[in-house]
Amino acid sequence: MISKTDPESIRGFLEDTSNLKSGHTPGVFFPETIAEIQELLKNAPREHRRFTIAGNGTGTTGGRIPFGDFVLSMQKLDAIGEPTVLSADRAIITVQGGAVLQDIQKKVQASGWLYPPDPTESLCFIGGTIANNSSGARTFKYGPTRNHIARLLVVLPEGELLEIRRGEMIADSNGEFHITLPGGMTKTIHLPHYRMPATSKHNAGYFSKAGMDLIDLFIGSEGTLGVIAEANLMLFPMPDSIISCLVYFPSMEELLGFVDACKKPANGLRPRALEFFDRNALTFLRKQYPEVPTAADGAVFLELEAAKEETDGTLDRLFVTIEASNGMEEESWIALDRSEQEKIREFRHALPLIVNEWLSRQKESKISTDMAVPDSAFRELFDFYRNSCERHGFVYIIFGHIGNSHVHLNILPRNREEFVEAKTLYRTFVAKAIALGGTLSAEHGIGKLKREYLADMYGEEAIREMAEVKKCLDPFLVLNIGNIIPDAFLEPDNH
Ligand SMILES: Cc1cc2nc3c(=O)[nH]c(=O)nc-3n(C[C@H](O)[C@H](O)[C@H](O)COP(=O)(O)OP(=O)(O)OC[C@H]3O[C@@H](n4cnc5c(N)ncnc54)[C@H](O)[C@@H]3O)c2cc1C
């Protein structure tokens, strides 16, 4: 097995997109087979080694950044099988944990299938997206990654291999899983008792629900319970046609009216994506796209799927809805063909790039939220974000997944004082979202950056229960220590 210890090879593994500093590691291992992962983990306690799993480093919460532990890179385990057709509207594909998402998407599209999860940055590894239960724009229609995983092959922290097929292992009425591993060892996992928030997206801490499937405990567990070595992904038929559209609105009231109308089933639009840009995000975008109208207070990007014979009817319904909501029809951008749709995609992707460029000139890191709330509370959280930032005189943008009442607020500090002020304000955002029945993280996960806030949402007893799940599967504390659960909760006397 290849391993590297020279600073040049290691450097890239000490970062992701979180800007979390001071990661360090004695070396990086590149297993080429699942058996090699097993061997590394089996020997770990004896060799006094811990491992942090590395996907492709596109995560935003420092989850893959090691603090003294070895790195287990998934780079070499990148095989992608062929789609197997199960029925006219269902297929499945087997992939290894290090397969790149965009390679999988290209492969399945070539045979007429769709793998819906699309967390914007398509260079991530599939194992990273499963470990983070990633979502993205299309989650509005298709749900997060969890909804599309039929089987997992997981290397547990003690090196045992666990195969889980959806539907085969369900929690019993005491909230327990009893697992017998291939080597004969048995484990009893007690599910935490907390109730997850009633948001349409949630990705903070272990998934826990009465009668849940064991596979859902591993999805979203951020590498703390095992290495996702292989997965079966569920595929949908590619829609006949896609309509992409960017609509500008003169006020937030009109924009929110449009979003509500699009969400109503009776409207018949059934968008697969409903995304938002506030006026400040549009100001940043105008630097590169001068055609963005200055009169716009915000914009909505939406994507619709239609069968060939339905395309004209869908377009008619879309125009009627835009007009009824007072959208700025003249300036709106409708794309029916691939190349024009690609241009809208580039427009959306330009925002983080322009913002990051601006930030690098200020030499500061952004403070960003990932909270979601129930639909009925969205306006209150949005106004709280906006009013707080205006009061402090911050440079900020709000954008993201408005269909799921999940928008990201990015505060862009111009100096250290503003950074410190924004960090303090962040805690009030967490408190507000929680008070509104929301979640601390809807999609980016907890990683190392947000674990101090998890107890604010669930309470300390819940974190202790999560720590017990972790210790049941990882008794020697070998894997991804520091993610989700604060270290103090893993200490032996913390019961
Ligand atoms: C510009 C941009 C936009 C984004 N937009 C979205 C979005 O809209 N929605 C969204 O959900 N996310 C979004 N993301 C983040 C996205 O979740 C991550 O990109 C992705 O999930 C992480 O994959 P990765 O391979 O890069 O993992 P890494 O960053 O390398 O690792 C992430 C975590 O997963 C663990 N991990 C990695 N591989 C495995 C494995 N095989 N087994 C177990 N654990 C593993 C790591 O230890 C770490 O804790 C965005 C990121 C960027 C940069």
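Atoms within a ligand are numbered from 1 in the order they appear, just like the ligands themselves.
Residue Thr58 holds the heavy atom nearest to atom 18 (C) of ligand 1 of all those in Thr58, Asn56, Val100. Taking only non-hydrogen atoms, the option from Gly128, Ala131, Ser73 nearest to atom 38 (N) of ligand 1 is Gly128.
Applying the 4.0 Å criterion to heavy atoms of Met74 picks out, from ligand 1, the atoms 41 (N). Taking a cut-off of under 4.0 Å to the non-hydrogen atoms of Gly223, the atoms of ligand 1 that pass are 43 (C), 44 (N).
The nearest protein atom to atom 39 (C) of ligand 1, hydrogens excluded, is given as Ile53 CG2, 3.5 Å; this is a heavy-atom distance. Ranking protein heavy atoms by distance to atom 3 (C) of ligand 1, first place goes to Thr120 CB, 3.7 Å. Taking atom 52 (C) of ligand 1 as the reference point, the nearest protein heavy-atom neighbour is Glu121 CB, 3.6 Å. The single protein non-hydrogen atom nearest to atom 34 (O) of ligand 1 is Asn132 ND2, 3.1 Å, given as residue, atom name and distance. For atom 42 (N) of ligand 1, the closest non-hydrogen atom on the protein side is Ile228 N, 2.9 Å. Among all non-hydrogen protein atoms, the one lying nearest atom 11 (O) of ligand 1 is Ser135 N, 2.8 Å.
When only interatomic distances are considered, the shortest N/O to N/O separation between Ser134 and ligand 1 falls below 3.5 Å. For Asn483, a nitrogen or oxygen atom sits less than 3.5 Å from a nitrogen or oxygen atom of ligand 1, counting backbone and side chain alike. On a distance-only criterion, Gly59 and ligand 1 share at least one N/O pair closer than 3.5 Å. In terms of polar-atom proximity, Val227 is not counted as a contact of ligand 1, lacking any N or O under 3.5 Å from an N or O of the ligand. In terms of polar-atom proximity, Phe125 is counted as a contact of ligand 1, with an N or O under 3.5 Å from an N or O of the ligand. Geometrically, ligand 1 and Pro119 share a nitrogen or oxygen pair separated by less than 3.5 Å. Ligand 1 has a nitrogen or oxygen under 3.5 angstrom from a nitrogen or oxygen of Gly55. At a 3.5 angstrom cut-off on N or O pairs, Asp118 does not count as close to ligand 1.
Contacts of Ile130 with ligand 1, taken as heavy-atom pairs under 4.0 Å, are absent altogether. Within the 4.0 Å heavy-atom criterion, neither part of Leu123 lies near ligand 1. With a heavy-atom cut-off of 4.0 Å, Glu443 touches ligand 1 through backbone and side chain alike.
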Audit row: Asn19, Lys21, side-chain hydrogen bond (donor to acceptor under 3.5 Å, both in side chains) steps and yes/no: CA-CA 6 Å; Asn19 217 9; Lys21 306 270 192 262; 2.5 Å; yes
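The aromatic rings of Phe249 and Phe258 sit tilted, their planes meeting at an angle between 30° and 60°.
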